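Worth saying up front: this structure is predicted, and the values here are computed from it rather than measured. Computed from heavy atoms alone, side chains included, the values below leave out hydrogens, waters and symmetry copies.
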Amino acid sequence: MNIRAAEEESAQEIHIPADIDWEMLDKSKFFFLGAALFSGVSATLYPIVLVKTRQQVAQAQISGIRTAFSIVKHEGFRALYRGFGTSLMGTIPARALYMAALEVTKSNVGSATVNFGIPEPTASAIANAVAGLSAAMAAQLVWTPVDVVSQRLMVQGTHPSCSSPCRYINGIDAFRKIVKTDGPKGLYRGFGISILTYAPSNAVWWASYSVAQRLVWGGIACYFRKKDDESNDNGNSSSSSNNNNTIRPDSKTVMAVQGVSAAMAGGVSALITMPLDTIKTRLQVLDGEENGRRGPTIGQTVRNLIKEGGWLACYRGLGPRWASMSMSATTMITTYEFLKRLSAKNQESLV
């Protein structure tokens, strides 16, 4: 579906290059280039994710900057990438599942909603929300075990419940020890709350992204209308008037709008789902010594958080998570749209 943003009073329209659906993609190119591009994005943002995770398991409120400096000072710069190898190995298949589920669902739901007579802006928001929901659920099948292992490596030795008896040499060693101690279900600790965190978060993000784009393009159309009116008042004819009131932004403008819209959607999503993410992280990395080999329950985790710092403790790491999600969303969507254009079968149809 094409994204259109028009100012009703002036009938000015923003003409955006055609959106690329699942059928238009060269699948092998799409997945190969996607693995390479998103591995780079993951490497760039990983230290922020690690700092956020350390804050969430800490028993006192410490700022993200102080946490980062403390890690580098006492453990060295390489500690900011602890567990990255494991995370990267899981990111590639998880991202592939995510992208496939996202595009297939968005294409099918988008077509179905339009066929039902739903207006295009509403249909786009619905398709994006349903696609984000299904993509997150599919990716969590792969990502939850990877998350459990990588987060154990991230916080190793930093929290009383994470310290001995288990010391992990690397991701494979952590995987083996978790299975030996807790069985295969240990790798899926927090799976339910991961779904509750990421599925609504993705649905909110993609729907917000769709709405945010329309708002930003609407603002741009309003700006051009105002500029056009001023130009006409001065006796000049504007370019938009000469082109039937159609504004054709260049590729840089399109990417800028996508980036701003993604950051707005990421901030909203981070704020809404932060408490669930904190609970999920604690469930996945704390051993729950008070229960023997059983991990802590959701109820115990919430009670411990409130005891440590009240309800605000559920928002520990909000700063890094907000920054991470906003930057991740911006880089992800611009990279993703760029990837789709690189992977399109017919490049001539994109203009």
What verdict does the side-chain hydrogen bond (donor to acceptor under 3.5 Å, both in side chains) test give for Thr278 and Arg321, after you've listed the backbone C-alpha separation in whole Å, the side-chain angles of each residue and the deciding distance to 0.1 Å?
CA-CA 10 Å; Thr278 301; Arg321 186 167 189 253; over 6 Å; no

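Of all heavy-atom pairs between Cys314 and Leu305, the closest is SG-CD1, 4.2 Å. Considering every non-hydrogen atom in both Ser208 and Val268, the closest pair reads OG-CG1, 4.4 Å. Closest approach of Leu33 and Ser343 over heavy atoms only: CD1-OG, 4.2 Å. Contact detail for Val216 and Val257: the closest heavy-atom pair is CG1-CG1, 3.7 Å. Taking both residues in full, the closest heavy atoms of Thr67 and Gln55 are given as OG1-CG, 3.7 Å, listed atom of the first, atom of the second, then distance.
Between the side chain of Thr181 and the main chain of Ile178, no donor-acceptor pair closer than 3.5 Å is present. With Ser107 contributing its side chain and Val104 its backbone, the two residues share no donor-acceptor pair below 3.5 Å. Panel note: side chain Tyr336, backbone Gly34; no donor-acceptor pair is recorded below 3.5 Å. At distances below 3.5 Å, not a single donor-acceptor pair connects side-chain atoms of Lys340 with backbone N or O atoms of Leu25. For Asp277 (side chain) and Thr273 (main-chain N/O), no donor-acceptor pair under 3.5 Å exists by modelled atom type. No donor-acceptor distance shorter than 3.5 angstrom exists from the side chain of Ser269 to the backbone of Ala265, with no hydrogens or angles considered.
Taking Ile, Leu, Val, Met, Phe, Trp and Tyr as members and joining any whose side-chain heavy atoms lie under 4.5 Å apart, directly or through other members, the hydrophobic cluster of Trp322 also contains Leu271, Met274, Tyr315, Leu318.
A single hydrophobic cluster is not seen to contain both Val142 and Phe32; linkage of ILVMFWY side chains at heavy-atom distances under 4.5 Å, directly or through other members, places them apart.
Under the side-chain hydrogen bond (donor to acceptor under 3.5 Å, both in side chains) criterion, the residue pairs touching residues 131-141 are Thr105-Ser134, Gln140-Thr144, with sequence neighbours excluded.
The CG atom of Asn108 sits 10.5 Å away from atom OG1 of Thr113, with the distance rounded to the nearest 0.5 Å. In this structure, Arg303 CZ and Ile298 CD1 are separated by 11.5 Å, a value rounded to the nearest 0.5 Å.
There is no side-chain donor-acceptor pair under 3.5 Å between Ser39 and Arg95. Side-chain contact annotation: Thr53 with Thr281, donor-acceptor N/O pair under 3.5 Å absent.
Of the charged side-chain nitrogens involved, none lies within less than 4.0 Å of a carboxylate oxygen, so that Lys27 and Glu103 do not count as a salt-bridged pair.
Checked against side-chain hydrogen bond (donor to acceptor under 3.5 Å, both in side chains), Ser42 has no partners two or more places apart in sequence or in another chain.
With a 6.0 Å cutoff to the six-membered ring centre and a 45° limit on the axis angle, Arg66 does not count as a cation-pi contact of Phe69.
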